[in-house]
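This report refers to the structure that appears directly beneath it.
Order of the sequence lines sets the chain letters (A, B, ...), proteins ahead of strands, with each chain counted from 1.
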There are 2 protein chains.
Amino acid sequence: MKTNRDFMPVYYQLADDLKQQIEAGELKPGDAVPSESQLVNDYGISRVTVRRGLAILLEAGLIETIKGIGNFVAKPKLNQVTLTFQENDPLNENSFIYQLLEVKRISADEIIAGKLGVGEGTKVFLIRRLINSDDGPVGVDMKYLPYIKGQPILENEIEYADFPAIVAKHTNVTIHKIEMSIAAAPLNDEEGELLKTLAGHPALCIHRAFYAKDGRTLGFSKTIYRGEAFELSAVSYPYSAKV
Amino acid sequence: MKTNRDFMPVYYQLADDLKQQIEAGELKPGDAVPSESQLVNDYGISRVTVRRGLAILLEAGLIETIKGIGNFVAKPKLNQVTLTFQENDPLNENSFIYQLLEVKRISADEIIAGKLGVGEGTKVFLIRRLINSDDGPVGVDMKYLPYIKGQPILENEIEYADFPAIVAKHTNVTIHKIEMSIAAAPLNDEEGELLKTLAGHPALCIHRAFYAKDGRTLGFSKTIYRGEAFELSAVSYPYSAKV
DNA sequence: CAGTGGTCTAGACCACCTT
DNA sequence: AGGTGGTCTAGACCACTGG
């Protein structure tokens, strides 16, 4: 219609058509999207291809699927953007150097226990690392893991694996859900000292929590960066056909 | 093997297998993943199913595809997480109230011109809004749009549409790419005054830029939140089989 | 029961890359 | 030419939902 649609894959054209209808208001939130078999007939294409097109919309959050019933236009999520974070690449390749400060078993205080969903006083692992750039310390990273007997954490893992991988290996369970929050907060005294900055200095504070399918918390981490030394950046291509 | 794999779809099992091999180091970054036809033979499943499994890994960023050559294990992107932002939407529960401060046509200074990819002095739109919660101002939002003749910005749009929607309507072009950065920075004097806080106070600073397929900048925005008043939160389900 | 989406198959043709 | 991934088809069976 407007873009060179004839050079798009069929499944993409279908996705684009439906997207246009949704954005034009012809299909409103809550409305049923034509059923797969209907689209097969309408477009004269196979069901596999129809499903591929719908998968794009599903992933983009434009529609929602209810098994045995149909696909429906989703309520518009303002500013919903799916992004791929590229934490860690200020200079692309040679990113930060992580310096292990300590790995120890501690008794969970109230906050930690709450976050990990264990009783207060339960033994948990704490891994603390300093994050350095060539110009000095830029951040502090604290990771908490439930202590599991017979599954010690190896320094090797800590050095070379990222947190999701450590969590997965340590608990032998698949990560089902990740929650993340990002906020700006002043550095406290200890953090200021570690980062050679004054307390109160603006810092980027990132929390992450990993959950298993049954809801158990598998681990969580708190990472703090000196404000001027680090930024999260992300890129998204809202309509790249990944499928 | 470890989890109840027999109840998983075949394509998911394949993805999980390969993921395990990658995380165990049996397949290292840069290594070729077995070809699709190889996997068809190895697993005794159809190519469609193989491709579906690979699509999961592709989307998760674990592998990369080169047409005509093969799939390869991607370089580990530390802490790469794909998440769906639930930035606050108006009209939804405990969200913020946006107070329009001004809409005006300004001459782009060097920075603005650079960001928008227009000449210095070019006329651009500036939309400035104050973001309020029940407890007072929490943030300031500035949006810049190239000025296009005959496409005035309606207050209606500004009030009710989100930025991607405004951009899309204003420019009549599809948004192809979104860049976003998140950092912590001190409030400057003007921001401090608007937010009834002292300059230097930690603030969350979010930049977003929207691009068309041809590389033109369609708009960009800068949003600043008082650190203690706002946090970005995100949830992701790494292995939801969206495909 | 009929309709829906979820999974899977066994082919096919194409464009691309290497040898 | 032979291998690779990209697209697409025409079936099939299943689990789920509704009337």
Side-chain angles (χ1 to χ4, degrees), chain A residues 3-18 22 27 30-74 176 213 237 239-243, chain B residues 3-18 22 27 30-74 237 239-243:
Chain A
T3 44
N4 39 355
R5 307 176 33 131
D6 295 337
F7 304 120
M8 295 182 188
V10 177
Y11 65 83
Y12 191 90
Q13 288 184 33
L14 169 64
D16 200 47
D17 273 359
L18 291 173
I22 291 171
L27 285 171
D31 285 358
V33 175
S35 74
E36 295 179 357
S37 60
Q38 188 63 50
L39 292 170
V40 166
N41 293 332
D42 290 354
Y43 283 80
I45 59 180
S46 78
R47 186 164 166 235
V48 175
T49 306
V50 165
R51 284 178 58 72
R52 208 158 158 188
L54 292 175
I56 294 177
L57 301 177
L58 185 64
E59 195 190 336
L62 287 176
I63 64 172
E64 285 164 0
T65 296
I66 306 180
K67 253 169 64 170
I69 303 193
N71 291 296
F72 299 88
V73 179
H176 174 249
K213 200 153 196 173
Y237 298 86
Y239 282 91
S240 70
K242 298 172 190 167
V243 185
Chain B
T3 43
N4 38 356
R5 307 175 33 131
D6 296 338
F7 304 121
M8 293 182 190
V10 177
Y11 65 83
Y12 190 91
Q13 288 183 35
L14 169 64
D16 200 47
D17 273 359
L18 291 174
I22 291 171
L27 285 171
D31 285 358
V33 175
S35 75
E36 296 179 356
S37 60
Q38 188 64 48
L39 291 170
V40 166
N41 292 330
D42 290 355
Y43 283 80
I45 60 181
S46 78
R47 183 161 167 237
V48 176
T49 307
V50 165
R51 284 180 57 74
R52 207 160 160 186
L54 291 175
I56 295 177
L57 300 178
L58 185 64
E59 195 189 336
L62 287 176
I63 64 173
E64 286 164 359
T65 296
I66 306 180
K67 252 171 62 173
I69 304 194
N71 291 295
F72 299 87
V73 179
Y237 298 86
Y239 280 91
S240 67
K242 297 167 189 169
V243 184

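- The CD1-P distance, from A:I63 to C:dT4, rounds to 15 Å in whole Å.
- Residues A:V33 and A:Q38 have side chains not in contact (no heavy-atom distance under 4.5 Å, counting atoms from C-beta outward).
- Checking C:dG5, D:dG5, C:dT9 against every side-chain atom of A:T65, the shortest atom distance belongs to C:dG5.
- Of all nucleotides listed (C:dG5, D:dG5, D:dT9), D:dG5 comes nearest to the side chain of B:R51.
- Taking the side chain of A:T49 as heavy atoms from C-beta on, and the options D:dG6, D:dC8, C:dT7, the nearest nucleotide is D:dC8.
- Side-chain contact between B:L14 and B:I56 is absent, with no heavy atoms from C-beta onward closer than 4.5 Å.
- What separates CG of A:L14 from P of D:dT7 is a distance of 14 Å, to the nearest Å.
- When the nucleotides D:dT9, C:dT7, C:dT4 are ranked by their closest atom to the side chain of B:R52, C:dT7 comes out on top.
- Across the interface with DNA chain D, nearest-nucleotide mapping of B:I69 and A:V50 shows B:I69 to be the residue nearer the 5′ end.
- What separates CG of A:N41 from C1' of D:dG11 is a distance of 15 Å, to the nearest Å.
- Rounded to whole Å, atom C1' of D:dG6 lies 13 Å from atom CG of B:L54.
- Look at B:Y11 and you won't find any side-chain N or O under 4.0 angstrom from OP1 or OP2 of C:dC8.
- Spacing between atom CD1 of B:I66 and atom C1' of C:dT18 amounts to 13 Å, rounded to whole angstrom units.
- Here the P atom of nucleotide C:dG5 and the CG atom of A:N71 are 5 Å apart, to the nearest Å.
- Contact annotation: B:S46 does not reach the phosphate of C:dA10 (side-chain N/O to OP1 or OP2, under 4.0 Å).
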*Are B:L62 and B:L18 close enough, and set up right, to give a side chain to side chain contact (heavy atoms under 4.5 Å, CB included), and what steps lead you there?*
CA-CA 9 Å; B:L62 287 176; B:L18 291 174; over 6 Å; no
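- The side chain of B:E36 approaches D:dG6 more closely than any other nucleotide in the set D:dA10, C:dT9, D:dG6.
- We find that CD of A:Q38 is positioned 19 Å from P of C:dA2, with the value rounded to whole Å.
- Put simply, the side chain of B:L54 reaches to within 4.5 Å of the side chain of B:L39, judged on heavy atoms.
- Judged by distance alone, with hydrogens and angles left aside, A:R47 brings a side-chain donor or acceptor within reach of the base of C:dG6, the pair sitting under 3.5 Å.
- Counting any heavy atom pair closer than 4.0 Å across all strands shown, A:I45 reaches sugar-phosphate atoms only and no base atom.
- Picking from C:dG6, D:dT17, D:dC8 the nucleotide with the shortest atom distance to the side chain of A:K67 gives C:dG6.
- Side-chain contact between A:V10 and A:Y43: absent, with no pair of heavy atoms (C-beta onward) separated by less than 4.5 Å.
- Between B:L39 atom CG and D:dG5 atom C1' there is a gap of 12 Å when expressed in whole angstrom units.
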